[in-house]
Trainee: 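The structure is given below, and queries will be raised subsequently.
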Amino acid sequence: MDPLPTYDDRWQSSLHWQPTEAQHQEFQRLYVAILAANQQINLTRITTPEDFWEKHLWDSLQGVAPWLTEAQAPALKVVDIGTGGGFPGLPVALAFPHWAIALLDATRKKLAILEAACETLGLTNVSFLPQRAEQVAHQPVHREAFDLALLRAVGPVNTCAEYALPLLALGGQAVLYRGQWSAEEEAGLRAILPRLGGELREVRSQTTPLTQGVRHNVILAKVSRTPDKFPRLPGLPAKTPLV
Ligand code: SAH
């Protein structure tokens, strides 16, 4: 297996940040661990060093770029909803060792393999929630308990909003990692956010540094309590997103 490229200049020019040498080594160990886990269960199809760098490492971190460059980034309690192979949560856990990252995924087996990989990596700021978001969000210890929710490739934007907002504390934020973004999607999202206690804060766009792909980060803010009826029963937010 070829080593990961460093691309310090690309980190700098796109995110005004670059990993330390120690962090680069940790990213390399993460790459090795994820590829090894991928032999046991299908976690990702993104496996070449360049693809892994751009579509997993860089992409995971571009969503939290504003915190990367803060001199004194606050200690946040973060949930990665639908983490799959650990993205964006694991690169975020490596870049922010003082944050606590909960990886949430309905596929118990994926999380068990990630848990073993994190043990090998000695990652101690990561925890695991092997359940559906709709269930976790109704458990008193987790409801309105997170400062930041991250969601990449988990479904339609209104489905993501219904998963994320009940888990956020007042003042918390969600970063929805999207590819293309349209005025229709934005209008549809704006229409439902008040019912969930959310507000659209910002839409940031980015171009991926190696292949010039389109990325949008949709930032939601939690501005009032989410009514107890949300999220609806397991399966409903995906099957019939709020309109
Ligand atoms: N975020 C990862 C994986 C995306 S695949 C990435 O970007 O690479 C989507 C993942 O979300 C799957 O692993 C699936 O099990 C999980 N998922 C989908 N709906 C979910 C729900 N309601 N609750 C918990 N996990 C969910």
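Remember, it's 1-based here, ligands and their atoms both numbered in the order they're listed.
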Trainee: Please compare Arg108, Gln135, Arg152 and report which has the shortest non-hydrogen distance to atom 7 (O) of ligand 1.
Mentor: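 The nearest heavy atom belongs to Arg152.
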Trainee: Should you measure from each heavy atom of Gln131, which atoms of ligand 1 turn up under 4.0 Å away?
Mentor: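 Within the 4.0 Å cut-off of Gln131, ligand 1 contributes 24 (C).
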Trainee: List ligand 1 atoms under 4.0 Å from Thr107, heavy atoms only on the residue side.
Mentor: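 Listed by number with element, the hits are 15 (O).
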Trainee: Can you see whether Asn217 engages Gln62 through a side-chain donor-acceptor pair at a distance of less than 3.5 angstrom?
Mentor: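 A donor-acceptor contact under 3.5 Å links the two side chains.
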Trainee: Among all protein non-hydrogen atoms, which one is nearest to atom 3 (C) of ligand 1, and what is the separation to 0.1 Å?
Mentor: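 Checked against all protein heavy atoms, atom 3 (C) of ligand 1 sits closest to Gly82 O, 3.4 Å.
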Trainee: Can you tell me if Gln12 and Gln18 form a side-chain donor-acceptor pair at under 3.5 Å?
Mentor: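 Looking only at side-chain atoms, Gln18 and Gln12 do form a donor-acceptor pair, the distance falling under 3.5 Å.
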Trainee: Evaluating non-hydrogen atoms only, which member of Asp105, Asp80, Ile81 is closest to atom 12 (C) of ligand 1?
Mentor: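 Answer by nearest heavy atom: Asp105.
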Trainee: Would you check if there is a donor-acceptor pair between the side chains of Trp181 and Ser205 at a distance under 3.5 Å?
Mentor: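 No, Trp181 and Ser205 have no side-chain donor paired with an acceptor closer than 3.5 Å.
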Trainee: Side chains of His56 and Arg152: any donor to acceptor distance under 3.5 Å?
Mentor: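 A donor-acceptor contact under 3.5 Å links the two side chains.
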Trainee: Can you find an N/O atom of His56 closer than 3.5 Å to an N/O atom of ligand 1?
Mentor: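 No: no nitrogen or oxygen of His56 is under 3.5 Å from one in ligand 1.
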Trainee: Are side-chain heavy atoms of Glu185 and Arg178 found at a separation under 4.5 Å?
Mentor: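 Of all side-chain heavy-atom pairs linking Arg178 with Glu185, at least one is under 4.5 Å.
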Trainee: Which ligand 1 atoms, with their elements, are less than 4.0 angstrom from a heavy-atom of Phe87?
Mentor: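 It comes down to these atoms of ligand 1: 1 (N), 2 (C), 6 (C), 7 (O).
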Trainee: Any non-hydrogen atom of Tyr177 lying under 4.0 Å from ligand 1?
Mentor: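 In this structure, Tyr177 fails to qualify as a contact of ligand 1 - no heavy atom is under 4.0 Å.
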